[in-house]
Amino acid sequence: MVDVKQQYHKIKSEIDKAVLDVIESTQFIGGPQVASFAKNLAGYLGTKHVIPCANGTDALQVAMMALDLQPGDEVITPSFTYIATTEVIALLKLKPVFVEVDLQTFCIEPDAIKKAITAKTKAIVPVHLYGHTAQMEEIMAIANKHNLYVIEDNAQAIGGDYFFKNGTKRKTGTMGHIGCTSFYPSKNLGCYGDGGAIFSDDDALAEKIKMVANHGQSKKRYYHDVVGCNSRLDALQAAILNVKLPLLNTYIAARIQVADFYDKAFAGNKKITTPFRADYCKHVFHQYTMILHDVNRDGLVNFLAENNIPSMLYYPVPAHRQKMFESFGGSNYHLEKTDWLTERVISLPIHTEMDEEQLTFITTKVLEYVNK
Ligand SMILES: Cc1ncc(COP(=O)(O)O)c(C=O)c1O
């Protein structure tokens, strides 16, 4: 699905130097690379604070811990997402409230959020799934009206843009009270291990996030004011990310080119709905996920595999149907759109190193199966 190796080989000398420099410095934890990456990413995103952490799941957990949510508080989240989004809610003894996604964008539906709000609702977690932004303008209006926090799960959409109706634009992950991301190797901005970051424009909240991610330690070493955890981006990963961040826009452009190729090849085919791109955002194509109609999906997956073409089902089981959430009343939910999508989506390879020959082969094979 991705080709991290070829991508690495194009920047090998800079990466190798950056890594060796960190080793030579022996500043493995914290230090100048982590500090400069936080600053560089804040500059790229146009946000005040970036707090690096150990991975995207921790980013979500630390964000929720920093908001002082209490056991039983309700957090509205899509069920159609990677498990990490919903898992941390449960881990913190909060109540995940699963709602529908839009059939076109695959992102949380503002109307579904409105219907799910109760006196106990404290936060909303929109997920910019596959690289397409959720309807943030509408979501922020709902949140402001009901005094709710918004934590953007931006793990799949770093570098995306959102265009507001008044003509202004913001980077994804910087519109809510807190934004979270992952630098998992296959992500649009991936490191060579685990990594994550939390963003906020709010000074007080940023301080609290830093504190929570560092054992609840106040500015004074070994004085701990709140219960926190240990979540750090290590210096080797920060050094790698400092090399890769200036390339993020080029990487996104390469992904969009792949998506354009697929779109063109599948255009007009009644059995395939290609990914929607809403006018209000720039899709950064972490995944190229299409909807199949009257196609044996498992058959297509197997046929592609026989031709050495990987494909993935993101995700085969929505959160509300996971065993993990049985005790949270998961089976009481009726999320028809989520179920409908779960049964029909398929993701094709998309990354920065694809060439026309590969794309022609993939699209030819997909069409051969779909049209038979
Ligand atoms: C939507 C979403 N949220 C959260 C995560 C968690 O990130 P990580 O794997 O870095 O913990 C991921 C990535 O895997 C993701 O895709």
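Counting convention: from 1, in listed order, for ligands and their atoms alike. Positions are given from 1 along the sequence. Both backbone and side-chain heavy atoms feed into the values below; hydrogens, waters and symmetry mates do not.
- Atoms of ligand 1 found under 4.0 Å from any heavy atom of Val127 (numbered from 1 in listed order, with element): 1 (C).
- Applying the ring-ring contact (aromatic ring centres under 6.0 Å, His included) test to Phe106 and every residue at least two apart in sequence or in another chain returns Tyr130.
- By the 4.0 Å N-to-carboxylate-O rule, Lys93 lies too far from Asp73 to be salt-bridged with it.
- For the side-chain hydrogen bond (donor to acceptor under 3.5 Å, both in side chains) test with Lys48, the passing option among Asp201, Asp203, Thr174 is Asp203; the others fail.
- The protein heavy atom nearest to atom 5 (C) of ligand 1 is Tyr82 CD2, 3.7 Å.
- Gly56 N, 3.4 Å is the protein heavy atom nearest to atom 8 (P) of ligand 1.
- Heavy-atom proximity to Ala155, at under 4.0 Å, picks out these atoms of ligand 1: 2 (C), 3 (N), 4 (C), 5 (C), 12 (C), 15 (C).
- Salt bridge annotation for Glu368-Lys365: present, with a cationic side-chain nitrogen under 4.0 angstrom from a carboxylate oxygen.
- Nearest non-hydrogen protein atom to atom 16 (O) of ligand 1 is Gln156 NE2, 2.8 Å.
- For ligand 1, the atoms lying closer than 4.0 Å to a non-hydrogen atom of Ser182 are 7 (O), 8 (P), 10 (O).
- Listed by number with element, the atoms of ligand 1 under 4.0 angstrom from any heavy atom of Ala84 are 4 (C), 5 (C), 6 (C).
- Using a 4.0 angstrom heavy-atom cutoff, Lys187 counts as in contact with ligand 1.
- Taking the six-membered ring for Trp and the full ring otherwise, the centers of Phe98 and Tyr333 sit less than 6.0 Å from each other.
- With no hydrogens or angles considered, a side-chain donor-acceptor pair links Asn40 and Asn242 at under 3.5 Å.
- Within the structure, the ring-ring contact (aromatic ring centres under 6.0 Å, His included) test picks out the following pairs touching residues 36-70 (sequence neighbours left out): Phe37-Phe183.
- Atoms of ligand 1 found under 4.0 Å from any heavy atom of Asn55, numbered from 1 in the order shown, are 10 (O), 11 (O).
- Here Asp58 has no heavy atoms under 4.0 Å from ligand 1, in either its backbone or its side chain.
- Using a 4.0 Å cut-off between charged nitrogen and carboxylate oxygen, Lys208 and Asp68 count as a salt-bridge pair.
- Atom 11 (O) of ligand 1 has as its closest protein heavy atom Thr57 OG1, 2.5 Å.
- From the protein, the heavy atom lying nearest to atom 1 (C) of ligand 1 is Asp153 OD2, 3.5 Å.
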